Structure formats: structure tokens, C-alpha cells
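Worksheet for the structure shown next.
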Amino acid sequence: MELIEIHNQNGDWQPFVGDETTELLRSKGFTNSDGSLNQSGKNILDETYRIMQVCGNPNDQINNETGIVIGYVQSGKTLSFTTLTALARDNNYQIVVVIAGTSEPLVTQSTKRLENDLRLNTRFDRKWTILSNPKRREEFELIETTLAQWADPTFPNERCKTLLITVMKNTSHLNNLVNILAGQNLTGVPTLIIDDEGDQASLNTRARWAARQNLDIESLTETQVSTIYRRINALRNVFPHHTFLQYTATPQANLFINIMDRLSPNFIKLLTPGPDYTGGIDFFRNNPNLILEIPPNEIPTPSNPLFEIPESLKSALRIFFLGVVAGEMQNSHRNRTM
């Protein structure tokens with residue numbers, strides 16, 4: 001076993017980096033020839049450690065933190081929160097909830113990614129119990145039994161299972177989860193809630209209306225806030241000890257909401273993209289010659305409806321198709337985008 005020591009530079013507690021986290025990074029290929037973590041793996045671990053460090057100390061009885069994690073588009077945000085999920089397990093977090101998306105395909109995609117990154121279908125140590133959109137009595141009893149093992153001082157922690165719950169960002173599914181959890185004894189149960197794409201649907205979309213009505217943010221009733229926002233806050237209310245993390249590449253709305261809003265972050269963490277990342281800066285700043293602007297007359301508006309495919313879109317499709325063919329001829333099957 002490799003011992004990894006990270007010195008505490010800030011924060012009130014020092015998370016433990018165990019096999020759950022290091023094995024995830026190794027399984028993703030972030031290793032040198034001798035099996036040690038390479039520089040990219042160490043960078044991911046360091047950033048994940050610093051995020052966990054500002055989450056709640058699992059040894060405390062009560063915690064209520066709200067944070068935001070910001071990364072470039074397609075720069076590894078999902079890997080960050082799957083690694084953070086593993087690190088939460090290493091530090092005896094009993095529940096991890098991932099609010100995974102606004103549609104069934106997105107929830108399925110996130111659930112599969114967590115299963116793959118945590119190797120849940122290929123390992124035999126049974127340290128996890130995964131549930132997706134739970135609502136049945138059997139799932140209530142499974143959660144109850146799992147938490148009872150954590151609460152039993154004679155039951156070894158290494159044999160306890162961490163509950164990994166994925167849920168759609170949907171009124172009914174969130175309400176089902178709240179109802180299942182509200183009947184559990186969650187005192188002293190450290191919980192991590194991850195809101196994937198936290199800028200989408202989670203915030204109170206009626207905040208502007210409330211401001212125009214001169215209503216104080218803290219005095220809004222349930223009927224005066226948007227439904228998903230209300231459900232997320234109801235979910236948070238069932239956990240005496242939890243950290244709520246919003247992951248996003250477009251944080252403007254999250255950062256500019258009223259500071260008294262429950263979803264206003266009290267800490268921010270930035271993700272560093274890997275060395276092979278190619279994003280907006282590469283295309284729009286470093287290589288402006290790659291940009292072709294769409295002519296104004298080819299942009300549909302109410303006063304300029306389009307009845308056939310504009311030439312600029314045809315040109316973009318031709319270039320994309322040629323790139324795909326060139327990749328096939330060169331046996332290069334890397335992802336491509338328009």
C-alpha cells in the first residue's frame with residue numbers, strides 16, 4: 001500500500017487519503033510505471049483533498065456548509081466529484097447524494113460513471129450500496145439497516161457500507177428521496193450532497209419576482225419559491241450534518257444570488273484542467289484565425305425566419321465530416337466536436 005501524506009495548509013481538519021481514493025485514480029490510468037500516481041493524478045488528488053478539507057469534519061455532530069466547485073466545460077468535473085465521493089468514503093462519510101441531472105438519461109449516465117469509477121461491478125469488498133431514485137419501502141429498510149451498522153460501535157467501520165444515492169433533479173424524485181430519508185435517524189450521519197450542473201434548475205427561479213415585490217429573501221414562503229429549489233432545501237433539512245456542493249462551468253447565477261440565500265456558497269474551489277485539455281482559450285484567444293463568424297443574415301430571428309439550412313452550417317458540417325474521415329484514415333479515434 002502506498003502512503004500519501006498531504007500537509008494541512010488551511011482548514012480545520014485533515015482528511016485521510018486511503019485506498020478508495022488512490023485505487024480510483026490508479027484505475028483511471030493516473031500512474032507511473034512503478035504504480036505510483038503520476039503528476040496528473042497527484043494534481044487531482046491535491047485538488048480533491050482541498051475540497052474535502054472545507055467540507056464538514058465527519059467527526060462533528062452538526063455541519064451545514066454550502067460550496068461551489070468551478071471547472072471549465074468538459075475539463076474533468078465529473079472525475080472530480082467521483083474522486084471526492086471516494087475520498088468521502090475514506091473519511092467515513094455515511095451518505096453521498098448526487099443530484100445527477102434533469103432527465104433519466106443524465107441520471108443513468110452519472111450513475112454508470114460512478115459505478116465505473118468506483119469499480120462497483122468488478123470488486124467484491126461491498127463497501128458501497130448504490131440506489132438510484134429510491135422510493136420503495138424496501139429501499140427505506142435498506143437505508144435503515146445500513147445506517148444502523150454505522151451506529152453500532154461493535155460493528156467495524158471498514159465493513160460498513162457507504163450509501164451512494166443518485167437522484168434526478170425532478171420534483172417527484174426529490175420529494176420521494178426526502179420522504180424516505182425523513183423517517184431515518186440521521187443524527188451524527190456525515191453526508192455529502194453533490195449538485196451536478198448546479199446552475200441548472202436548482203436556484204430559486206422566482207427570486208427576481210420576489211425582489212420586484214420587495215420581499216425579503218429570508219421571509220419567502222414555500223409557495224413563493226420555485227419547486228426544485230424548495231425540494232433541494234427540504235433534502236438539506238433532513239441532514240443535521242451535511243455539505244452541499246454545486247459543480248458547474250457557468251457559475252454566474254450561483255455567485256450573484258442574494259448572499260442570504262441558502263444556496264449562496266460560503267466557499268469556492270477552482271479545478272485545474274489537465275495538460276491535454278483544449279478549451280475556449282485555445283480556440284478563441286490563442287488561435288482567433290480558427291473562428292468563422294456566422295453572418296447576421298444566417299441567424300434566425302422573428303424578423304428573419306430561415307426556411308432552409310444556411311450556408312455557414314453546411315460549411316461547418318462539411319469540415320466536421322472531413323475531420324471524421326481523416327481520423328478514420330489515420331486510425332485516430334479521439335473525440336471530435338463542432
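Predicted model, so just to flag it, every value in this text is computed and none were measured. Any value given below was found using the heavy atoms of this structure, including those in side chains, with hydrogens, waters and symmetry copies removed.
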Worksheet, complete the sentence: The residue among E23, E115, E20 that forms salt bridge (Lys or Arg N to Asp or Glu O under 4.0 Å) with R123 is E20
Response to the item:
Taking every heavy atom of Y93 against every heavy atom of L192, the minimum-distance pair comes out as CD2-N, 3.7 Å
Discussion item. If we count only N and O atoms by modelled type, under 3.5 Å, do the side chains of T166 and S110 hold a donor and an acceptor together?
Written reply: no
Worksheet entry | Side-chain heavy-atom pair T171, I228 within 4.5 angstrom cut-off | yes
Worksheet item: Should we say atom CD1 of I291 is surrounded by more than 12 heavy atoms from elsewhere, each under 6.0 Å from it?
Response: yes
Worksheet item: Would you say I193 and I99 make side-chain contact, with heavy atoms under 4.5 Å?
Response: yes
Discussion item. side-chain hydrogen bond (donor to acceptor under 3.5 Å, both in side chains), that's the test. Do D199 and T250 meet it? Break it down for me.
Written reply: CA-CA 7 Å; D199 60 299; T250 50; 2.8 Å; yes
Fill in: Side-chain touch I62/H241, heavy atoms, less than 4.5 angstrom
no
Item to complete: Using a cut-off of 6.0 Å, state whether more than 12 heavy atoms not belonging to I299 lie near its atom CD1.
Response: yes
Item to complete: Determine, for W209 and R212, whether the Lys NZ or Arg CZ falls below 6.0 Å from the six-membered ring centre while staying within 45 degrees of the axis.
Response: no
Discussion item. What I'd like to find out is whether the side chain of R89 reaches to under 4.5 Å of the side chain of W128, using heavy atoms alone.
Written reply: yes
Discussion item. Starting from L313, can I reach F320 by hopping between I/L/V/M/F/W/Y residues whose side chains sit under 4.5 Å apart?
Written reply: yes
Discussion item. Within the supplied structure, the quantity of interest is the number of heavy atoms (other residues, nucleotides, ligands) at a distance under 6.0 Å from E293 CD; does it exceed 12?
Written reply: no
Worksheet entry | Shared hydrophobic cluster, F81 / I70 (ILVMFWY, side-chain heavy atoms < 4.5 Å) | no
Discussion item. Could you see if I68 belongs to whatever hydrophobic cluster contains L84? Use Ile, Leu, Val, Met, Phe, Trp, Tyr and a side-chain cutoff under 4.5 Å.
Written reply: no
Practice prompt. Inspect the surroundings of CG in L255 and state if more than 12 heavy atoms from other residues, nucleotides or ligands are less than 6.0 Å away.
Written response: yes
Fill in: OH (Y72) with more than 12 external heavy atoms under 6.0 Å
no
Worksheet item: Side chains of T21 and T83: does their closest heavy-atom pair fall under 4.5 Å?
Response: yes
Worksheet entry | 4.5 Å side-chain heavy-atom contact, Y229 and S202 | no
Fill in: Side-chain heavy-atom pair T82, L118 within 4.5 angstrom cut-off
no
Fill in: Donor-acceptor pair, side chain of W13 and main chain of Q53, under 3.5 angstrom
yes
Discussion item. Tell me which pairs pass salt bridge (Lys or Arg N to Asp or Glu O under 4.0 Å) where either residue lies in residues 307-331, with sequence neighbours left out.
Written reply: E311-R318
Worksheet item: Closest approach of K42 and L37, non-hydrogen atoms and distance?
Response: CE-O, 3.3 Å
Worksheet item: Do the side chains of I180 and I232 join up, straight or via other hydrophobic residues, at under 4.5 Å, putting them in one cluster?
Response: yes
Worksheet item: Does L174 share a hydrophobic cluster with F244, counting links as ILVMFWY side-chain heavy atoms below 4.5 Å and allowing steps through other members?
Response: yes
Item to complete: Working to the nearest 0.5 Å, report the span between CG of N92 and CG of N59.
Response: 8.0 Å
Item to complete: Rounded to the nearest 0.5 Å, what's the gap from CG on N38 to CZ on R26? Could you check?
Response: 11.0 Å
Item to complete: Output the distance between atom CH2 (W150) and atom OG1 (T145), rounded to the nearest 0.5 Å.
Response: 15.0 Å
Practice prompt. Quick one: which residue pairs count as a salt bridge (Lys or Arg N to Asp or Glu O under 4.0 Å) with a foot in residues 142-164, not counting sequence neighbours?
Written response: none
